[in-house]
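Below you'll find the structure, written out as structure tokens, and then a few comments.
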Amino acid sequence: PALLLPSFRKMATTTPAFQPSAFGYRSIRARTRHERLSLKDKVALEKDRINQRVGWQARIHQKNAPEHTAMLTSLPAGAAGYLSNSDRFHSDTVGDEYSARQEARAKQLKIQEFKRNMSLKRDEDRWNQAEQKQVEEDEYYQKLRENTTIGKKNVSNVAYDITTLQYMQSVEGEKQKYADDMVRYRSSLRSQQLIVKGDTRAKYNIISGDDRPQIIQPQPPAKPRG
């Protein structure tokens, strides 16, 4: 029996060639021991059932399913996501460090440039606001100068100093002086008219007998220019 054991193992592992029936019968090749054991494997059974499904989801899976488990993490050469080992496992550490330093330096320069631009914009906005404020203030005071009705609370209604009675050295002062002189002129003229028309025609004072003073005709004041 010990001598027959190698021959039995050789016969069990050898698959006989399949020959169809010469008489037209349907011949079914018997499954080998390996095939029978594989049918009992849950993973293989599940894969076989998945591949036997129908529908567009199954067709997409069957079309894109990897051939073996190693292709779950790697793709065949020529595929869209294929990457060679020389590219995947980069060994240039010095180059990586240099690239990292260059990237950090570029980021720092970008931050400095951004801060510089923001500071410049902030200063320009501040100066523009100051200029705009000055323009608005000038326009405000110009409107006050053009509007003569503003600021009359502290201005006297007469064109002379009420303390010294001196006329102001202005156009309003000259107009006020002319108006006062006209009042005095009309007063003097009325007095002369009362004397002439209310007194006797005698050339002397009928009460005291003295000579009557000569009547001097008052002169009207000169009208101011402007």
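Quantities reported herein were computed from a predicted structural model and do not represent experimental measurements.
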For the student: nearest non-hydrogen atoms of Gln192 and Pro218, plus distance: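 Distance-wise, the nearest heavy atoms are CG-CD, 4.0 Å.
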Contact summary for Gln176 and Tyr167, nearest pair of heavy atoms: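 For Gln176 versus Tyr167, the nearest heavy atoms are CG-CE2, 3.8 Å.
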Lys223 side, atom NZ; Lys175 side, atom NZ - distance, nearest 0.5 Å: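 Answer rounded to 0.5 Å: 10.0 Å.
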Euclidean distance, Lys115 NZ relative to Arg122 CZ, rounded to 0.5 Å: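 The CZ atom of Arg122 sits 11.0 Å away from the NZ atom of Lys115.
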Tell me every residue that passes side chain to side chain donor-acceptor pair (under 3.5 Å) with [X], counting only those two or more places apart in sequence or in another chain.
| X | value |
| --- | --- |
| Glu146 | Gln142 |
| Arg116 | Glu113 |
| Asp125 | Lys121 |
| Arg184 | Asp181 |

Residues two or more places apart in sequence or in another chain: which of them pass side chain to side chain contact (heavy atoms under 4.5 Å, CB included) with [X]?
| X | value |
| --- | --- |
| Thr164 | Asp161, Gln166 |
| Met168 | Ser170 |
| Glu174 | Pro224 |
| Asp48 | Gln52 |

Distance-only donor-acceptor hits, side chain of residues 131-138, under 3.5 Å, sequence neighbours excluded:
| unit_1 | atom_1 | unit_2 | atom_2 | d |
| --- | --- | --- | --- | --- |
| Gln132 | NE2 | Glu136 | OE2 | 3.3 |
| Gln134 | NE2 | Asp138 | OD1 | 3.2 |

Counterpart residues, salt bridge (Lys or Arg N to Asp or Glu O under 4.0 Å), relative to Glu35 (two or more places apart):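 For Glu35, the residues satisfying salt bridge (Lys or Arg N to Asp or Glu O under 4.0 Å) (neighbours in sequence not counted) are Arg29.
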Side-chain hydrophobic cluster, 4.5 Å single linkage: members besides Tyr25: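 Noted: Tyr25 shares its cluster with Phe23.
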Beyond-backbone contact of Gln217 with Leu189, side-chain heavy atoms, under 4.5 angstrom: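 The answer is yes; the side chains approach within 4.5 Å.
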Atom [atom1] of [X] with >12 non-hydrogen neighbours under 6.0 angstrom:
| X | atom1 | answer |
| --- | --- | --- |
| Arg190 | CZ | no |
| Arg49 | CZ | no |
| Ile162 | CD1 | no |
| Ile216 | CD1 | no |

Working for side-chain hydrogen bond (donor to acceptor under 3.5 Å, both in side chains), residues Tyr160 and Asp180: CA-CA 11 Å; Tyr160 60 88; Asp180 295 344; over 6 Å; no
Pairs under 3.5 angstrom only: tabulate donor-acceptor contacts from the side chains of residues 95-110 to other protein residues two or more places apart or in another chain.
| unit_1 | atom_1 | unit_2 | atom_2 | d |
| --- | --- | --- | --- | --- |
| Asp96 | OD1 | His90 | NE2 | 3.4 |
| Ser99 | OG | Gly95 | O | 2.8 |

Tyr178 reachable from Val171 in the ILVMFWY side-chain graph, under 4.5 Å edges: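 No, it is not one cluster - the side chains of Val171 and Tyr178 are not joined through contacts under 4.5 Å.
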